[in-house]
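Here the structure comes first, spelled out in structure tokens, and everything after it is commentary.
Small disclaimer: the values here were computed from a predicted structure and weren't measured.
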Amino acid sequence: MTAADERPLTSYDRRMYRLMNRREGDALHATAARRRAVVVGHVALTAVAVAAWLFSVVGEQRWATFAMLGLLLPWCVATGVINSSTRGLLELRVRALDERQRAERVQVAARSRSVMLWLLLAVAVGAGALTLKGADTEGYLFPVLFSVFVVHWLMPLWVAGLSVRDEPHFDEGVDGLDDLGDLGDLGGAAEAADARPPRP
């Protein structure tokens, strides 16, 4: 943990904390099945959007550009639902997280690295097999590299969304978040976070 992680919360940190802990959309990710459905939907939207972008750039298909723009809104909504389910685990700065969330963030990063290592191995083996068969893989280099970059970027979000545990039911009026604006340091943020019922 760096010294920057121990600095007092800024107004940006407080705004983001409130945003990531809003309760209006809790019904969308209240159960593990719903969270899995959102993550699967996000993966599908990402795959289609990447394909549309590649068709637009590499294939010079104008229709693909409009398709990609049409997918942008549902993709952003799904991203917001996943971030809400994790209470901003990946969006908040470390200084705004309590100790439990910091440990979860480390675990998510480790799992994401493991998944990406296996994915990269599969891509390398597949590319090697095609090369041995004499296939021309040069034209696929950019699409594959771009796709791997996008997956690497979003993998922590997907892993975090699948790793979230159910929260116990509680009254919406008791969440301890209204006092966050008066907090000036990490200790205050942790105190406000503790006001929420902990995940089992």
So, taking the atom named CG in Leu89 and the one named CZ in Arg102, what distance separates them when rounded to the nearest 0.5 Å? 12.0 Å
dist His29:NE2 -> Ser84:OG (nearest 0.5 Å) comes out at 3.0 Å
According to a hydrophobic-cluster definition based on side-chain heavy atoms being under 4.5 Å apart (Ile, Leu, Val, Met, Phe, Trp, Tyr only), do Leu120 and Tyr140 belong together? yes
If every non-hydrogen atom of His42 is compared with every non-hydrogen atom of Ala78, which pair is closest and at what distance? CD2-CB, 3.6 Å
Could you state the interatomic distance from CG (Asp13) to CZ (Arg95), rounded to the nearest 0.5 Å? 5.0 Å
Keeping the roles fixed (side chain from Ser85, backbone from Ile82), state whether a donor-acceptor pair exists under 3.5 Å. yes
Take a 6.0 Å sphere around CZ of Phe66 and say whether it holds more than 12 heavy atoms from other residues, nucleotides or ligands. no
Apply side-chain contact (heavy atoms from CB on, under 4.5 Å) to Tyr17 and Arg87, showing your working. CA-CA 8 Å; Tyr17 189 95; Arg87 303 300 174 203; over 6 Å; no
Shortest non-hydrogen contact from Met68 toward Ala49: CG-O, 4.1 Å
Taking all non-hydrogen atoms of both residues into account, name the closest pair between Ala52 and Ala67 and its distance. CB-CB, 4.5 Å
May I have the step-by-step check of side-chain contact (heavy atoms from CB on, under 4.5 Å) for Thr65 and Trp53, ending in yes or no? CA-CA 6 Å; Thr65 302; Trp53 187 83; over 6 Å; no
To the closest 0.5 Å, what do you measure between CE (Met116) and CE (Met155)? 5.5 Å
Given 3.5 Å as the limit, does a donor-acceptor pair link the side chain of Asn83 with the main chain of Gly80, or not? no
Following the transitive rule for hydrophobic clusters with a side-chain heavy-atom cut-off under 4.5 Å over Ile, Leu, Val, Met, Phe, Trp and Tyr, establish whether Phe55 and Trp75 coincide in one cluster. no
Linked, directly or transitively: Leu119 and Leu145 (ILVMFWY side chains, under 4.5 Å): no
Any sub-3.5 Å donor-acceptor pair from Arg111's side-chain atoms to Val159's backbone N or O? no
If the plane angle is over 60° it's perpendicular, under 30° parallel, otherwise tilted; pick one for Trp153 and Phe149. parallel
Heavy-atom nearest pair, Thr86 first then Gly161, reads CG2-N, 4.1 Å
Output the distance between atom CG (Leu19) and atom OH (Tyr12), rounded to the nearest 0.5 Å. 9.5 Å
Using every non-hydrogen atom in the two residues, find where Arg35 and Val164 come nearest and quote the distance to one decimal. NH2-O, 3.1 Å
Would Val50 end up clustered with Val39 when hydrophobic side chains under 4.5 Å apart are linked, directly or stepwise? yes
Does Leu90 share a hydrophobic cluster with Leu97, counting links as ILVMFWY side-chain heavy atoms below 4.5 Å and allowing steps through other members? no
Tell me the closest heavy-atom pair linking Leu92 and Arg105, and the distance in Å. O-NH1, 2.7 Å
With rounding to the nearest 0.5 Å, note down the distance linking CZ in Arg18 to CZ in Arg14. 8.0 Å
